[in-house]
Amino acid sequence: MPTEKEILMIQKATMFDLKQILEADPDKTYTVEELKKIIDAYIAGVSQ
């Protein structure tokens, strides 16, 4: 079982990954639905 410190590091790494995905196209504006799809795809990819 991960410690609180490890969980925090994982959460920060996840947010960094998502930030990198969104910054790949800085001129793009995302809808809520698009963001949900990106997050779902990220979760699906991480769990595999």
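Quick caveat: nothing in here was measured; it's all calculated off a predicted structure.
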**Asked** Do Met15 and Leu18 have side-chain heavy atoms sitting under 4.5 Å apart?
**Response**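 A side-chain contact under 4.5 Å exists here.
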
Just verifying a value: how many Å separate [X] [atom1] and [Y] [atom2], rounded to the nearest 0.5 Å?
X	Y	atom1	atom2	result
Lys19	Lys12	NZ	NZ	13.0 Å
Ile38	Ile43	CD1	CD1	12.0 Å
Asp17	Tyr42	CG	OH	3.5 Å
Thr29	Glu34	OG1	CD	9.0 Å

**Request:** In plain terms, say whether Lys36 and Glu33 are close enough for a salt bridge, that is, a side-chain N and a carboxylate O under 4.0 Å apart.
**Result:** yes

**Message:** Is there a side chain to side chain contact (heavy atoms under 4.5 Å, CB included) between Gln11 and Leu8? Walk through the geometry before answering.
**Reply:** CA-CA 5 Å; Gln11 290 173 335; Leu8 182 59; 4.0 Å; yes

**Request:** Can you sort out the partners of Pro26 under side-chain contact (heavy atoms from CB on, under 4.5 Å), two or more places apart, ordered by chain and number?
**Result:**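 With sequence neighbours excluded, Pro26 shows a side-chain contact (heavy atoms from CB on, under 4.5 Å) to no residue whatsoever.
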
**Asked** How would you list, by chain and number, every residue that makes a side-chain contact (heavy atoms from CB on, under 4.5 Å) with Asp25, sequence neighbours excluded?
**Response**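 Residues passing side-chain contact (heavy atoms from CB on, under 4.5 Å) with Asp25: Asp27, Lys28, Tyr30.
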
**Request:** Say whether Met9 and Ile7 are linked into one hydrophobic cluster, either directly or through other cluster members, by side-chain heavy-atom distances under 4.5 angstrom.
**Result:**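 No, no single cluster joins them.
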
**Asked** Got more than 12 heavy atoms from elsewhere within 6.0 Å of CD, Glu4?
**Response**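 Open: at most 12 neighbouring heavy atoms sit under 6.0 Å from CD of Glu4.
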
